[in-house]
Amino acid sequence: MQSGRGPARSRHPRSGRAIPITTEEPNLNASVQLAAAVVPAAGRGERLGPGAPKALRELGGVPLLVHAVRALARSRAVGLVVVCAPPDGVAEVVSLLDSHGLDGKDVRVVPGGASRQESVRLGLAAVPEGTRVVLVHDAARPLVPVEVVDAVAAAVRAGAGAVVPAVPLADTVKRVEPQPSGPEPVLDTPDRAALRAVQTPQGFDLPGLVEAHGRALAEGVEVTDDAGLIERFGGRVVVVPGHEEAFKVTRPLDLVLAEAVLARRRATDGY
Ligand SMILES: Nc1ccn([C@@H]2O[C@H](COP(=O)(O)OP(=O)(O)OP(=O)(O)O)[C@@H](O)[C@H]2O)c(=O)n1
Ligand SMILES: C[C@](O)(CO)[C@H](O)COP(=O)(O)O
């Protein structure tokens with residue numbers, strides 16, 4: 001796969017010949033400095049309707065998972081991608097990824113688990129010790145721009161232990177008393193200015209995230225995102241700007257939107 005962000009070049013001071021520069025930051029290319037990315041891809045996609053596991057369904061003729069892995073592989077901050085496949089689909093995912101160019105990145109596949117949290121925990125176990133920065137990115141967010149990946153990785157490298165990309169809410173939000181059917185009484189209207197819709201990739205110091213997942217397993221804590229575990233155990237999480245095109249493909253309408261975004265990128269950006 002073509003990165004679209006090839007190595008920068010400098011000129012030799014005497015000969016004037018181009019010298020490839022593999023990194024803009026000293027040591028970024030030392031493998032220990034590159035981020036690993038864990039991609040939970042073992043969900044069924046019940047809300048998308050009947051069909052193959054969601055990560056294997058196609059967007060513009062290419063599986064969502066391949067889009068998501070390519071999105072990470074475009075980032076020069078990422079050196080390794082660990083995919084958490086449906087437990088009965090590891091071989092299929094391996095051959096799927098083999099058949100698509102992935103920018104020369106190291107891509108490994110492990111069986112995922114029964115919940116997103118379990119899949120991420122199993123994926124983290126395949127990240128080499130000594131890796132400092134780990135990103136966790138949903139296969140179901142195929143169109144995340146590389147700028148978001150880079151910004152999250154950079155914020156972790158700069159010292160934030162846990163970083164989430166997020167966007168402001170477009171709608172007014174009401175907190176309700178959920179009812180199985182019929183009208184739901186409104187409790188209050190939170191101040192929208194202080195709310196954010198959280199996306200992925202979320203970025204972490206690897207040891208902190210591994211410890212949080214281990215503790216969650218021991219204490220039976222289940223949350224919907226990885227940063228939620230850091231928060232639960234008293235850690236600090238910061239938000240950086242996300243992107244409207246990093247939305248999660250959850251329901252059928254999301255796939256329609258994703259097809260439109262992809263068609264526009266292919267027409268205008270040679271994506
Ligand atoms: N057991 C699971 C469940 C979810 N995921 C992954 O977590 C991400 C976010 O989950 P979501 O989009 O909610 O996917 P599903 O769980 O597949 O959706 P649904 O609830 O509609 O079945 C997806 O990339 C999904 O593949 C996973 O790796 N393992
Ligand atoms: C991790 C996540 O994508 C952040 O918005 C989200 O929490 C996953 O949610 P789901 O419960 O798996 O739909």
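We count ligands from 1, going down the list as the structure has it; atoms in each ligand are counted the same way.
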>> Hydrophobic cluster membership, with links at side-chain heavy-atom distances under 4.5 Å among I/L/V/M/F/W/Y: are Val133 and Val83 in one?
In response: yes
> Below 4.0 angstrom, N of the basic side chain to O of the carboxylate: do Arg264 and Glu245 qualify?
Replying inline: yes
>> Check whether Asp254 reaches the backbone of Arg251 with its side chain - one donor and one acceptor, N or O, closer than 3.5 Å.
In response: yes
>> Residues around ligand 1, heavy atom under 4.0 Å from any ligand atom, sorted by chain and number. Can you pull those?
In response: Pro40, Ala41, Ala42, Gly43, Arg44, Gly45, Glu46, Arg47, Lys54, Gly113, Ala114, Ser115, Arg116, Ser119, Asp138, Ala139, Ala140, Lys248
>> I'd like the residue list for ligand 2, meaning every protein residue with a non-hydrogen atom under 4.0 Å from the ligand.
In response: Arg47, Arg116, Asp138, Arg141, Val198, Thr200, Thr224, Asp225, Lys248
> With the 4.5 Å side-chain cut-off for hydrophobic clustering, are Leu80 and Val69 part of the same group?
Replying inline: no
> Can we say Lys174 and Glu184 salt-bridge, meaning some charged N sits less than 4.0 Å from an Asp/Glu carboxylate O?
Replying inline: no
> Salt-bridged, Arg192 to Asp171, with N to O below 4.0 Å?
Replying inline: no
> Asp226 pairs by salt bridge (charged side-chain N to carboxylate O under 4.0 Å, His left out) with which of Arg116, Arg121, Arg232?
Replying inline: Arg116
>> Do the side chains of Asp205 and Arg132 get close enough for a salt bridge, i.e. N-O under 4.0 angstrom?
In response: yes
> So if you build clusters from Ile, Leu, Val, Met, Phe, Trp, Tyr with side-chain heavy-atom gaps below 4.5 Å, do Val120 and Val221 land together?
Replying inline: no
